[in-house]
Amino acid sequence: MSYSPIEPYETGKLKVSDIHTLYYEVSGNKDGNPVVFLHGGPGGGVSGKDRLYFDPKAYKIVLFDQRGAGKSTPSACLEENTTWDLVADIERLREHLGVDKWVVFGGSWGSTLSLAYAQTHPERVKALILRGIFTLRKSELEFFYQNGASHIFPESWDDYLAPIPEDERHDLMTAYHKRLTSDDEAVRLEAAKAWSTWEMSTCMLRVDQEAVARAAQDTWALAFARIESHYFVNGGFMRDGQLLEKQSIDKIRHIPTVVVQGRYDVVCPARSAYDLKKAFPESELIIVPDAGHSAREVPTGKLLTEAADKFKNL
């Protein structure tokens with residue numbers, strides 16, 4: 001279940017640094033309950049489908065492309081691009097739009113950023129709707145990019161390995177980062193497409209060929225792969241496990257929180273959602289028995305829409 005397609009009533013560009021300008025859009029009810037959608041990746045960008053989880057009669061729906069992603073400029077730029085820059089950008093956008101408090105909705109990397117933002121500015125968050133929990137711990141990254149998901153999708157893994165020489169495969173994230181930041185455009189592009197195709201090939205219970213095709217688009221693949229790699233080799237610019245620490249969770253215990261997690265998510269396995277639930281028992285964890293990672297899978301999308309409906313009159 002989702003709502004009917006709508007178009008934004010406002011789009012704009014917000015300059016957030018000497019380098020970066022963000023694209024944002026607002027749709028739904030101008031006087032409605034504000035909700036901000038935080039996209040995945042990092043580097044994934046937003047699409048019109050991201051508006052559809054929210055009742056447009058009840059919600060003022062805010063979408064934006066994070067630094068270097070989507071329509072934000074400069075594309076794929078890694079300078080001044082950290083978790084904490086993005087947290088500050090969300091505050092800049094909130095102030096720019098005249099919003100006091102809002103519901104925060106994010107999946108995958110969007111769940112990471114939602115938690116980081118809520119723990120930094122808890123007074124600005126009415127509720128959290130999270131999906132496919134990713135806390136950017138080293139163990140999570142190694143499962144997907146080094147040894148774990150490779151055992152479930154071996155044929156796609158071979159394609160992911162292909163651009164990397166045998167003697168560099170002991171540390172694939174570093175090997176990819178070297179190529180994604182290469183001065184040679186052809187090297188960057190080959191690595192970007194292989195990196196992005198690996199994620200798009202594994203993000204659903206049944207492979208979505210439309211998503212896989214998107215990974216072959218130069219501009220999208222470069223932004224997605226370069227920015228992801230940049231964040232991951234830097235540990236998300238935070239302590240390992242920081243988002244799950246008691247001192248971090250204590251700041252958000254009062255915030256109503258729903259977590260939707262696919263049982264067969266191999267990109268962000270259920271362990272992280274379970275660890276969050278143990279650290280944050282006040283939250284509601286819903287395990288979807290017949291879903292992988294993507295919010296586009298029908299049962300996951302339905303539960304996310306129901307969660308948004310639950311908070312629409314906050």
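Note that the structure is a prediction, hence the values are computed from the model and not measured.
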Pair up each side-chain donor or acceptor in residues 154-162 with any protein partner under 3.5 Å, not counting sequence neighbours, and list the distances.
| from | atom 1 | to | atom 2 | distance (Å) |
| --- | --- | --- | --- | --- |
| Tyr160 | OH | Tyr145 | O | 3.4 |

Among the clusters formed by ILVMFWY side chains lying less than 4.5 Å apart, do [X] and [Y] turn up in the same one?
{"X": "Leu38", "Y": "Phe237", "value": "yes"}
{"X": "Val35", "Y": "Val260", "value": "yes"}
{"X": "Leu314", "Y": "Leu304", "value": "yes"}
{"X": "Leu130", "Y": "Leu243", "value": "yes"}

In terms of the angle between their ring planes, are Trp195 and Tyr176 parallel, tilted or perpendicular, with boundaries placed at 30° and 60°?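 Trp195 and Tyr176: perpendicular rings.
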
Tell me, please, which residues at least two apart from His177 pass ring pair (Phe, Tyr, Trp, His ring centres under 6.0 Å). none

His121 NE2 to Lys101 NZ distance, which is reported to the nearest 0.5 Å: 14.0 Å

Please report the C-alpha distance between Phe144 and Phe134 in whole Å, then the side-chain angles of each, then the deciding distance to 0.1 Å, and finally whether the ring-ring contact (aromatic ring centres under 6.0 Å, His included) criterion is met. CA-CA 11 Å; Phe144 190 62; Phe134 179 38; 9.2 Å; no

Count the heavy atoms belonging to other residues, nucleotides or ligands that lie under 6.0 Å from [atom1] of [X], then report whether that count exceeds 12.
{"X": "Arg169", "atom1": "CZ", "answer": "yes"}
{"X": "Glu79", "atom1": "CD", "answer": "no"}
{"X": "Phe153", "atom1": "CZ", "answer": "yes"}
{"X": "Lys15", "atom1": "NZ", "answer": "yes"}

Is it true that [X] and [Y] have a side-chain N and a carboxylate O under 4.0 angstrom from each other?
{"X": "Lys138", "Y": "Asp240", "result": "no"}
{"X": "Glu10", "Y": "Lys30", "result": "no"}
{"X": "Lys193", "Y": "Asp218", "result": "yes"}
{"X": "Arg179", "Y": "Asp184", "result": "no"}
{"X": "Arg67", "Y": "Asp89", "result": "yes"}

Measure across Gly41 and Glu228 and return the closest heavy-atom pair with its distance rounded to 0.1 Å.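 In this case the closest contact between Gly41 and Glu228 is O-OE2, 2.8 Å.
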
Nearest heavy-atom neighbours spanning Ala279 and Leu244: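 Heavy atoms of Ala279 and Leu244 come nearest at CB-O, 3.8 Å.
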
Report the C-alpha distance between Lys312 and Asp55 in whole Å, list the side-chain angles of each, state the deciding distance to 0.1 Å, and finish with yes or no for salt bridge (Lys or Arg N to Asp or Glu O under 4.0 Å). CA-CA 8 Å; Lys312 67 184 180 182; Asp55 182 348; 2.9 Å; yes

Among pairs that include at least one residue of residues 266-278, which meet salt bridge (charged side-chain N to carboxylate O under 4.0 Å, His left out), considering only residues two or more places apart or in two chains? Arg137-Asp275, Arg271-Asp275

With sequence neighbours excluded, residues passing salt bridge (charged side-chain N to carboxylate O under 4.0 Å, His left out) with Glu95: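 So Glu95 forms no salt bridge (charged side-chain N to carboxylate O under 4.0 Å, His left out) with any residue.
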
Check whether any side-chain N or O of Ser111 sits under 3.5 Å from a backbone N or O of Trp109 as a donor-acceptor pair, and report yes or no.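 Not a single qualifying donor-acceptor pair exists.
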
For His39, does its backbone N or O pair with a side-chain atom of Gln66 as donor and acceptor, under 3.5 Å? yes

What pairs of donor and acceptor atoms, side-chain ones from residues 280-291 against any protein atom, are under 3.5 angstrom apart with sequence neighbours left out?
| from | atom 1 | to | atom 2 | distance (Å) |
| --- | --- | --- | --- | --- |
| Glu282 | OE1 | Arg253 | NH1 | 3.2 |
| Ser283 | OG | Phe280 | O | 2.7 |
| Glu284 | OE1 | Lys310 | NZ | 3.0 |

Walk me through whether His293 and Tyr264 qualify under ring-ring contact (aromatic ring centres under 6.0 Å, His included). CA-CA 7 Å; His293 180 64; Tyr264 299 106; over 10 Å; no

Could you tabulate the donor-acceptor pairs under 3.5 Å formed by side-chain atoms of residues 201-209, not counting sequence neighbours?
| from | atom 1 | to | atom 2 | distance (Å) |
| --- | --- | --- | --- | --- |
| Ser201 | OG | Thr197 | O | 2.7 |
| Thr202 | OG1 | Trp198 | O | 2.9 |
| Thr202 | OG1 | Glu199 | O | 3.1 |
| Asp208 | OD1 | Glu210 | N | 3.0 |

Member of Phe311, Trp102, Phe105 meeting the ring pair (Phe, Tyr, Trp, His ring centres under 6.0 Å) criterion with Phe54: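 Among the candidates, only Phe105 passes.
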
